[in-house]
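Side chains included, hydrogens not; waters and symmetry mates left out as well; all remaining heavy atoms used. In this text the structure is predicted, and so the values were computed from the model without any measurement. Index from 1, following the sequence.
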Amino acid sequence: MKDFLVLSDGTAEDANRICCAQTLAAQVSGFITCAVVNELPPRSALSMSRDAFAPSDDESIFEIARTSGVQPDAALEGRLGALWSSVQVLRFEVPPDEVGPNLGELARRYDLFIGTLPSFESASTVLDAVLRESGRGVLGLPPGIAPAPAFKHITVAWNGSREATRAITEAMPLLSQAAEVAVLLIDSGRKAGAQLQPGERIFQHLEHHGVKAVLSHVDSDGLPISEAILTEAHRMRSDMIVMGAPPDRGFSQWFEQGVTRGVERSTDLPLLLAQ
């Protein structure tokens with residue numbers, strides 16, 4: 001893990017995302033690229049505008065969008081200060097519905113995409129699009145909360161799935177440098193006749209990579225699985241949760257579960273997901 005792609009959308013969350021990228025880059029001697037997104041009017045707005053504008057004025061509408069308001073580059077530079085000099089910048093000017101697919105394609109050339117977790121009202125997110133399109137891991141930061149100065153205590157939510165395996169693979173450089181990694185299994189005790197406890201093989205795999213891991217078997221005791229994971233991660237004072245995201249049900253599915261069960265504290269910790 002060396003190359004980090006960070007979303008910049010002109011909001012106050014830019015600083016947290018860049019600071020997180022700085023933390024990760026420092027841990028692995030990595031490099032940071034910032035994708036500065038300037039959203040242009042939707043293409044539907046152009047077709048609706050033809051009653052008021054001549055067709056040749058479409059380009060003027062785009063030009064106004066490009067030049068009006070605060071320039072994303074300048075605003076980002078002002079917020080980041082000294083951090084700015086260590087970041088490579090790529091600028092995207094696309095309609096809103098093309099932001100996710102464009103970033104997803106770009107993220108294929110990087111090791112990890114860093115964005116902000118969606119609000120509970122948001123069902124379709126840039127993070128979901130990048131997760132689907134890139135084939136890379138995605139780190140979602142809780143909005144409004146500065147990330148930890150170092151990711152030294154990490155919880156891996158393990159269920160034996162392909163997606164959970166992909167998440168561990170994506171996170172391995174971070175796991176190998178963590179002070180402690182908890183492999184968390186919910187409602188998965190050893191079955192009669194089985195030689196190994198569930199999770200012991202992935203535990204051995206992590207040990208072979210030099211990861212300081214512990215196995216943690218937890219009974220959900222009637223709690224939703226998502227809430228049990230979060231409760232344990234907080235109990236273990238984790239800085240990050242690593243878990244698989246089922247296909248086409250990434251951050252959206254996580255937050256749908258969180259809303260119906262009242263898991264507002266899911267915004268406390270960064271989530272590293274992979275498919």
Side-chain angles (χ1 to χ4, degrees), residues 1 3-25 27 30 32-35 37 99-104 106-108 110-148 150-151 153-157 163-164 166-171 173-175 184 225-227 229-230 233-234 238-259 263-275:
M1 183 181 289
D3 289 323
F4 301 96
L5 180 64
V6 188
L7 170 66
S8 169
D9 55 7
T11 68
E13 298 298 333
D14 286 345
N16 281 344
R17 290 187 287 254
I18 295 290
C19 287
C20 177
Q22 287 272 334
T23 296
L24 294 173
Q27 287 186 223
I32 302 169
T33 298
C34 188
V37 176
V99 173
N102 274 272
L103 289 177
L106 178 65
R108 296 169 192 169
Y110 295 84
D111 296 314
L112 185 69
F113 178 82
I114 301 173
T116 299
L117 291 171
S119 66
F120 290 112
E121 292 78 17
S122 175
S124 179
T125 71
V126 168
L127 291 182
D128 271 328
V130 175
L131 199 56
R132 289 192 304 269
E133 298 289 338
S134 69
R136 295 294 192 176
V138 168
L139 179 62
L141 304 180
I145 299 177
F151 296 109
H153 300 275
I154 301 175
T155 291
V156 175
E163 292 79 20
R166 283 276 298 113
I168 284 180
T169 300
E170 293 289 333
L174 302 179
L175 299 177
L184 178 62
I225 297 298
S226 58
E227 188 168 351
I229 291 171
L230 289 163
H234 282 291
S238 295
D239 307 311
M240 175 191 294
I241 297 173
V242 174
M243 62 187 301
D248 300 321
R249 290 163 46 191
F251 288 94
S252 298
Q253 191 240 9
W254 174 273
F255 277 91
E256 286 167 9
Q257 288 184 345
V259 170
V263 193
E264 287 82 7
R265 62 180 176 274
S266 62
T267 59
D268 292 340
L269 296 173
L271 292 178
L272 195 157
L273 296 190
Q275 287 184 344

For residues [X] and [Y], report the shortest heavy-atom separation together with the two atoms involved.
X	Y	answer
V138	V130	CG2-CG1, 3.8 Å
A167	G244	CB-N, 3.9 Å
P270	L139	CB-CD1, 3.8 Å
G135	E170	O-OE2, 3.9 Å
L175	I168	CD1-O, 4.0 Å
G30	F4	CA-CE1, 4.3 Å

Find the distance between [atom1] ([X]) and [atom2] ([Y]) and round it off to the nearest 0.5 Å.
X	Y	atom1	atom2	value
L5	D111	CG	CG	10.5 Å
L271	I229	CG	CD1	9.5 Å
E133	Q275	CD	CD	10.0 Å
L269	M240	CG	CE	10.0 Å

> Can F151 and C20 be said to form a side-chain contact (heavy atoms from CB on, under 4.5 Å), step by step?
Replying inline: CA-CA 10 Å; F151 296 109; C20 177; 3.8 Å; yes
> Would you say D239's side chain and H153's backbone share a donor-acceptor pair under 3.5 angstrom?
Replying inline: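 Looks like yes, one N/O pair under 3.5 Å.
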> Is the backbone N or O of A274 less than 3.5 Å from a side-chain atom of R166, with the two atoms forming a donor-acceptor pair by type?
Replying inline: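 Not at all, since once roles are kept as given, no pair shorter than 3.5 Å links the two residues.
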Just wondering, do [Y] and [X] contact through their side chains at under 4.5 Å, heavy atoms?
X	Y	result
V242	T155	no
L106	F113	no
L112	L24	yes
D268	H234	yes

>> Could you work out, with side chain to side chain contact (heavy atoms under 4.5 Å, CB included) as the rule, every residue matching A21, not counting sequence neighbours?
In response: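 A21 satisfies side chain to side chain contact (heavy atoms under 4.5 Å, CB included) with V6, I32, I114 only.
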> Is a salt bridge present between R17 and E13, judged by a nitrogen-to-oxygen distance below 4.0 Å?
Replying inline: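 No, this pair does not count.
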>> Please determine whether side-chain contact (heavy atoms from CB on, under 4.5 Å) holds for the pair D3 and T33, giving the CA-CA distance in whole Å, both sets of side-chain angles, and the decisive distance to 0.1 Å.
In response: CA-CA 8 Å; D3 289 323; T33 298; over 6 Å; no
>> Taking side-chain contact (heavy atoms from CB on, under 4.5 Å) as the criterion, tell me which of L141, T116, L103, D14 meets it with L7.
In response: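 With L7 as partner, side-chain contact (heavy atoms from CB on, under 4.5 Å) holds for just one option, L103.
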> In chain order, what residues pass the side-chain hydrogen bond (donor to acceptor under 3.5 Å, both in side chains) check against R136, with sequence neighbours excluded?
Replying inline: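 Scan of R136 (side-chain hydrogen bond (donor to acceptor under 3.5 Å, both in side chains), adjacent residues dropped) gives none.
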